[in-house]
Visitor: 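Here it is: the structure, laid out below.
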Amino acid sequence: MKLPPPLSFLPPLPSPPRLPRLPGPRLSSALVGATALELAVLAGHLITYPLGLTPERPESPEPPESRAGSADSERPESPARTDRPENAPARPLALPATGGPTAPAAPPVVLLHGFIDNRSVFLVLRRALTRHGHRRTASLNYSPLTRDIRAAAALLGRQVEAVRARTGHDRVDIVGHSLGGLIARYYVQRLGGDRRVRTLVTLGTPHGGTAVAPGAGLHPIVRQMRGGSPVIEELRLPAPGCRTRFVSFWAELDQVMVPVETACVDHPDLDAVNVRVTGIGHLALPVHPAVAAAVREVLETPETGEADVPVTGATSAA
């Protein structure tokens, strides 16, 4: 008689359940480098922060000849040389044109910082603009106790009028970092600032609202930067005929903009260009030399389409 195999009457033991694999941290070298740069920028900014606590001293009014050229640059040296502009004396920001008045100087640039910051964040950018473009700049401070983007935008409008009065220019350019860009956009889009602002450049600004809003329960203006807030929804309303050109720089490794595409301007009525920046994060945007050079080129370029925006280094049109 054949005996059954030992223990063959026992049912097979079930295999242990397979636990789901938890995703491990995947830190790319680019993210590690960007994080290290963010920490370095933060440390450096803590040193320069006290320099920007006091308001900037207004510059003296700009003389008319620096905006429209002097009489000497418009007067020909002799009747035989009236059609030879290359022989006219060279003057910064006042290039003689054949058969007409001199070209106007570039408009002044207003710099507006982000949340709990001050004008010291623009030391690198301001140097790039004034050294290469011979531009007049105005770095503005707003109080960290400001509770409403709308009120800050109205204050910005009054400061823009003061800059226009000092410089004699009809329009200005604005560069805003983070919350500063959102304040400037509200001024342009909702308070009629498009009559005063030629180009608005934003750096890491939550145009669509960000899910990362530390301190949202403590500060009302931080809640206004979240997606779906009344301010963000106002900026989605139609804006027909807006005359300001928008150029938004957004960083792929920006940990404050969630999702990162929220830093792009997406509005059917706005003339907007979005510029993708690789390899850096939120804090580095206003201090990175490649970004400063790209901002300078944008402000020196006539109003163009997205494919025509010149960017170099760590930036690319997207």
Side-chain angles (χ1 to χ4, degrees), residues 38 41-42 45-46 49-50 52-56 110-122 138-162 174-194 196-197 200-237 239 244 246 248-251 254-267 270 281-287:
E38 291 283 280
V41 170
L42 178 61
H45 190 38
L46 290 176
Y49 189 89
L53 290 174
T54 57
E56 182 180 64
V110 175
L111 305 174
L112 197 61
H113 61 79
F115 181 61
I116 314 183
D117 209 339
N118 61 41
R119 60 188 178 87
S120 64
V121 74
F122 290 117
S139 301
L140 307 180
N141 279 352
Y142 58 89
S143 171
L145 301 179
T146 302
R147 299 171 60 86
D148 184 45
I149 288 176
R150 303 176 187 89
L155 174 62
L156 172 61
R158 294 192 291 272
Q159 293 173 324
V160 166
E161 294 302 320
I174 297 180
V175 179
H177 177 230
S178 195
L179 174 60
L182 203 60
I183 293 171
R185 179 178 171 184
Y186 193 94
Y187 163 64
V188 166
Q189 191 175 330
R190 304 295 298 167
L191 301 183
D194 61 313
R196 304 298 191 219
V197 180
L200 170 57
V201 176
T202 64
L203 310 173
T205 290
H207 291 284
T210 177
V212 176
L218 303 176
H219 206 298
I221 206 168
V222 178
R223 290 197 294 269
Q224 293 180 335
M225 289 190 284
R226 298 191 66 127
S229 73
V231 168
I232 297 298
E233 292 305 311
E234 277 189 66
L235 294 177
R236 299 185 192 277
L237 296 176
T244 298
F246 293 79
S248 173
F249 287 80
W250 62 282
D254 192 331
Q255 302 299 305
V256 179
M257 299 296 106
V258 178
V260 291
E261 293 82 4
T262 195
C264 297
V265 177
D266 184 13
H267 195 292
L270 302 182
H282 187 76
L283 298 179
L285 279 169
V287 301

Visitor: Please report the closest heavy-atom contact between Ala239 and His267, naming both atoms and the distance.
Guide: N-CE1, 3.7 Å
Visitor: Can you find a heavy atom in the side chain of Leu235 that is under 4.5 Å from one in the side chain of Gln189?
Guide: yes
Visitor: Quick one: are the ring centres of Phe122 and His177 less than 6.0 Å apart?
Guide: no
Visitor: Any chance you could measure Trp250, atom CH2, to Leu285, atom CG, to the nearest 0.5 Å?
Guide: 11.5 Å
Visitor: Once you round to the nearest 0.5 Å, how far does CG of Leu191 lie from CZ of Arg196?
Guide: 13.0 Å
Visitor: To check you understand the geometry: which heavy-atom pair defines the closest contact between Thr244 and Gly193, and what is its length?
Guide: OG1-O, 4.4 Å
Visitor: Please list, chain by chain and in numerical order, all residues satisfying side chain to side chain donor-acceptor pair (under 3.5 Å) with Glu38, sequence neighbours excluded.
Guide: none
Visitor: Under the rule for salt bridge (charged side-chain N to carboxylate O under 4.0 Å, His left out), what residues qualify as partners of Asp266, not counting sequence neighbours?
Guide: none
Visitor: Taking side-chain contact (heavy atoms from CB on, under 4.5 Å) as the test, write out the residues that go with Gln159, two or more places apart.
Guide: Leu140, Leu155, Leu156
Visitor: Taking only residues two or more places apart in sequence, or in another chain, which ones meet Arg190 in a salt bridge (charged side-chain N to carboxylate O under 4.0 Å, His left out)?
Guide: Glu234
Visitor: Which residues satisfy the salt bridge (charged side-chain N to carboxylate O under 4.0 Å, His left out) test with Asp194, sequence neighbours excluded?
Guide: Arg243
Visitor: Can you see which heavy atom on Cys264 is nearest to which on Ser248, and at what distance?
Guide: CA-OG, 4.0 Å
Visitor: List for me each residue that meets side-chain contact (heavy atoms from CB on, under 4.5 Å) alongside Ile221, sequence neighbours excluded, and say none if there are none.
Guide: Phe115, Thr146, Ile149, Leu179, His219, Gln224
Visitor: Please list, chain by chain and in numerical order, all residues satisfying side chain to side chain donor-acceptor pair (under 3.5 Å) with Ser120, sequence neighbours excluded.
Guide: Asn118
Visitor: Just jot down the side-chain contact (heavy atoms from CB on, under 4.5 Å) partners of Arg236, sequence neighbours excluded, or say none.
Guide: Ile232, Glu233
Visitor: Looking only at heavy atoms, which two atoms of Pro286 and Leu203 are closest? And how far apart?
Guide: CA-CD1, 3.9 Å
Visitor: Taking side chain to side chain donor-acceptor pair (under 3.5 Å) as the test, write out the residues that go with Thr262, two or more places apart.
Guide: none
Visitor: Taking Leu111's backbone N and O only, do any of them form a donor-acceptor pair with Ser139's side chain (distance below 3.5 Å, no angle check)?
Guide: no
Visitor: Restricting to non-hydrogen atoms, name the atom on Val258 and the atom on Thr210 that form the minimum distance, rounded to 0.1 Å.
Guide: N-OG1, 3.1 Å
Visitor: Going by heavy atoms in the side chains, are Arg185 and Thr202 under 4.5 Å from each other?
Guide: no
Visitor: If the condition is ring-ring contact (aromatic ring centres under 6.0 Å, His included), which residues does His207 pass it with, not counting sequence neighbours?
Guide: none
Visitor: Rounded at 0.5 Å granularity, tell me how far CD1 in Ile116 sits from OG in Ser143.
Guide: 10.5 Å
Visitor: Return the OH to CG distance between Tyr142 and Asp117, rounded to the nearest 0.5 Å.
Guide: 8.0 Å
Visitor: Might you point out which heavy atoms bring Leu112 and Gly180 nearest each other, and give the distance in Å?
Guide: CD2-O, 3.3 Å
Visitor: Do Val231 and Arg150 make a side-chain contact, defined as non-hydrogen atoms from C-beta onward lying under 4.5 Å apart?
Guide: yes
Visitor: Looking at residues at least two apart in the chain, or sitting in another chain, which of them share a ring-ring contact (aromatic ring centres under 6.0 Å, His included) with Tyr186?
Guide: none
Visitor: Apply side chain to side chain donor-acceptor pair (under 3.5 Å) to His282 and list each qualifying residue two or more places apart in sequence or on a separate chain.
Guide: Ser178, Asp254
